[in-house]
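Along the sequence shown, the residues carry numbers beginning at 1.
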Amino acid sequence: MNMNVPSLSIQCLDYSSGALTGDLCEDLCVAQKLVYKHCLYYDRGKKVIQADWRGQPIILKSKKEIFSSYQHLSVLDEVETQDIPETEILLMVALEVKNVLGLELSNNSTGPLWTRRKGPHWKAQVASMWSLIQQEEYIFFSLLQDFSKHVLRIIGSCGHFYAVEYLTAGHAWHKTLFPLENIVGSSLAGRKSSVGAIIDIALSFLDMVQHFDNDFSHRLHLCDIKPENFAIRHDLTVVAIDVDMAFFEPKMRDILEQNCTGDEDCNFFDCFSKCNLKIRRCGAQRANNNLQVICDKIFRRWFSPSLRGPLVSFPLQPQLQKAVQECAELGHVDATVHQRTLNSLIELYHLLRVSQQELQRVE
């Protein structure tokens with residue numbers, strides 16, 4: 001183990017003492033097949049590390065640096081090693097998910113979060129699972145990865161550290177927001193290839209909006225939409241890589257419903273509500289939506305010309321610019337906003353598909 005990484009060194013000491021376990025611990029602490037490369041992010045204990053696992057780059061994440069920083073499951077001290085019924089563990093997991101995400105889960109739905117079975121390291125398995133359950137992003141990715149191609153895939157874990165696939169994030173300062181040459185190779189240097197890739201990525205953003213709005217038991221709200229919180233796979237699928245500010249409808253309503261003296265008090269990052277001045281409370285219903293913010297913060301950069309002119313020249317550029325402008329300014333919730341959002345989504349899909357076909361015809 002690279003001993004200049006204190007948190008991972010302590011992790012391996014805890015593993016050797018039997019305090020924690022996980023399917024990546026042996027490779028990290030014994031076989032040296034999981035090797036630290038460098039720290040990507042560190043703030044108030046939250047750590048994001050780039051590592052190499054069996055020749056492939058991965059990301060290690062943890063909300064807190066040290067295993068002992070997580071809330072200890074006191075029931076482990078009160079019983080013998082394997083005396084906690086499996087149903088009790090599943091119930092504790094379901095209650096924690098409800099507390100963190102606002103979702104009601106049946107015992108059958110908690111499978112991705114508790115896959116261990118009783119054995120010699122059962123106590124360490126439960127303790128490790130409980131440290132992971134206290135991390136919202138881990139719960140989010142674990143529950144959704146079998147249902148959504150738009151979230152990071154979890155590779156494995158060791159104690160409170162979990163590994164996810166390595167993808168290059170976007171950057172607001174990047175000319176095309178996402179480093180296209182890193183995604184599909186240097187062949188994208190040509191203008192037509194760049195234009196085609198951006199159109200494919202834009203279509204994937206629309207797929208993600210549709211998916212997050214309709215395909216789960218509750219709508220999923222993204223409250224911090226910026227290029228840095230998304231990445232692009234080699235097949236040009238958009239992936240949400242930072243979901244600290246993603247909330248399902250029940251949690252979103254709890255967050256928005258606050259005291260207020262004006263609408264500005266009802267803004268939670270990219271998620272807005274309206275202030276009811278009679279009762280001085282923000283409405284529980286979000287007034288804007290994911291599509292509006294993506295049009296405003298992502299699509300405008302691509303399809304609306306700046307003072308320096310358009311980023312690149314697209315087929316149907318004027319129509320796309322107009323559609324993106326209208327999408328970003330859909331207005332707040334009223335009786336017609338759902339239909340206007342749907343119309344905007346359909347129009348953007350149509351224009352991007354036609355643009356895609358036009359590019360293929362030219363090539």
Side-chain angles (χ1 to χ4, degrees), residues 43-44 46 63 96-104 136-137 139-140 144 150-151 170 172 205-206 208-230 238 240-301 303-304 321-348:
D43 181 43
R44 288 172 290 181
K46 181 177 179 178
K63 191 175 179 180
E96 191 65 16
V97 169
K98 184 181 179 185
N99 179 50
V100 172
L101 296 186
L103 292 181
E104 299 269 5
E136 294 92 335
E137 277 199 330
I139 297 177
F140 189 99
L144 297 191
H150 294 290
V151 298
F205 264 111
L206 295 182
M208 184 188 73
V209 166
Q210 181 95 314
H211 176 54
F212 286 176
D213 277 358
N214 301 302
D215 292 352
F216 305 128
S217 56
H218 295 283
R219 178 168 294 184
L220 180 60
H221 297 274
L222 304 177
C223 294
D224 190 12
I225 290 175
K226 58 188 178 185
E228 289 80 359
N229 287 344
F230 298 95
V238 173
I241 60 170
D242 187 327
V243 292
D244 280 342
M245 292 290 174
F247 307 98
F248 285 102
E249 183 74 24
K251 192 81 172 181
M252 186 81 265
R253 296 178 75 86
D254 287 345
I255 290 168
L256 290 174
E257 204 170 18
Q258 304 294 327
N259 293 332
C260 61
T261 55
D263 286 347
E264 65 278 2
D265 295 329
C266 304
N267 295 351
F268 183 77
F269 296 88
D270 290 328
C271 295
F272 307 151
S273 176
K274 300 283 282 179
C275 182
N276 183 330
L277 293 173
K278 290 181 181 177
I279 59 172
R280 301 205 167 191
R281 290 285 284 177
C282 297
Q285 186 176 4
R286 184 181 173 186
N288 63 344
N289 57 54
N290 293 339
L291 180 63
Q292 280 177 270
V293 185
I294 285 169
C295 282
D296 185 35
K297 293 194 165 184
I298 307 287
F299 287 4
R300 269 195 213 265
R301 285 282 303 275
F303 304 118
S304 296
Q321 181 183 340
K322 181 172 180 285
V324 167
Q325 183 80 7
E326 289 174 354
C327 165
E329 297 171 0
L330 280 167
H332 293 313
V333 166
D334 61 27
T336 65
V337 74
H338 177 72
Q339 188 59 48
R340 281 185 284 128
T341 300
L342 188 58
N343 292 345
S344 193
L345 189 70
I346 291 167
E347 184 179 10
L348 284 166

Donor-acceptor side-chain pairing of Gln321 and Arg300 below 3.5 angstrom: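 Gln321 vs Arg300: no donor-acceptor pair found between side chains.
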Would you please say whether a donor-acceptor pair under 3.5 Å links the side chains of Asn343 and Gln339?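 Side-chain D/A pair, Asn343 to Gln339: present.
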Hey, is [X] close enough to [Y] for a salt bridge, meaning N to O under 4.0 Å?
X: Arg286; Y: Glu249; result: no
X: Lys322; Y: Glu326; result: yes
X: Lys297; Y: Asp270; result: yes
X: Glu104; Y: Lys98; result: yes

To the nearest 0.5 Å, what is the distance between [atom1] on [X] and [atom2] on [Y]?
X: Ile241; Y: Glu228; atom1: CD1; atom2: CD; answer: 9.0 Å
X: Ile255; Y: His221; atom1: CD1; atom2: NE2; answer: 10.0 Å
X: Ile139; Y: Leu144; atom1: CD1; atom2: CG; answer: 11.0 Å
X: Asn289; Y: Phe212; atom1: CG; atom2: CZ; answer: 14.5 Å
X: Leu220; Y: Phe248; atom1: CG; atom2: CZ; answer: 4.5 Å
X: Phe268; Y: Asp224; atom1: CZ; atom2: CG; answer: 9.0 Å

Please report the closest heavy-atom contact between [X] and [Y], naming both atoms and the distance.
X: Asn288; Y: Phe272; answer: OD1-N, 3.1 Å
X: Ala246; Y: Phe140; answer: CB-CE1, 4.0 Å
X: Cys266; Y: Cys260; answer: SG-CB, 3.8 Å
X: Ser344; Y: Ala323; answer: OG-O, 4.3 Å
X: Leu256; Y: Ala284; answer: CD1-O, 3.7 Å
X: Pro250; Y: His218; answer: CD-CG, 3.6 Å

Under the side-chain contact (heavy atoms from CB on, under 4.5 Å) rule, what do Cys223 and Met252 come out as? Steps first, then yes or no, please. CA-CA 9 Å; Cys223 294; Met252 186 81 265; 3.6 Å; yes
Would you say Cys295 and Cys327 have SG atoms less than 2.5 angstrom apart?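 The answer is yes, since Cys327 and Cys295 bring their SG atoms under 2.5 Å apart.
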Less than 4.5 Å apart, side chain to side chain, heavy atoms only: is that true for [X] and [Y]?
X: Leu101; Y: Lys251; result: no
X: Arg253; Y: Phe247; result: no
X: Leu291; Y: Leu345; result: yes
X: Val209; Y: Ile294; result: yes

Quick one: list whatever passes side chain to side chain contact (heavy atoms under 4.5 Å, CB included) with Asn276, sequence neighbours left out.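 Asn276 satisfies side chain to side chain contact (heavy atoms under 4.5 Å, CB included) with Lys278, Ile279 only.
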Return yes if some donor-acceptor pair links the side-chain N/O of [X] with the main-chain N/O of [Y] below 3.5 Å, else return no.
X: Asp296; Y: Gln292; value: no
X: Arg281; Y: Glu257; value: yes
X: Glu136; Y: Asp244; value: no
X: Asp213; Y: Arg219; value: no
X: Asn229; Y: Ile225; value: no

side-chain contact (heavy atoms from CB on, under 4.5 Å) for Phe299 and Leu206? Distances and angles first, verdict last. CA-CA 11 Å; Phe299 287 4; Leu206 295 182; 3.8 Å; yes
Set out, in order, the CA-CA distance, both residues' side-chain angles and the distance that settles side-chain contact (heavy atoms from CB on, under 4.5 Å) for Leu222 and Phe230, then state yes or no. CA-CA 11 Å; Leu222 304 177; Phe230 298 95; 4.1 Å; yes
Would you say the ring centroid of His211 lies under 6.0 angstrom from that of Phe216?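 Yes, the ring of His211 comes within the 6.0 Å limit of the ring of Phe216, centre to centre.
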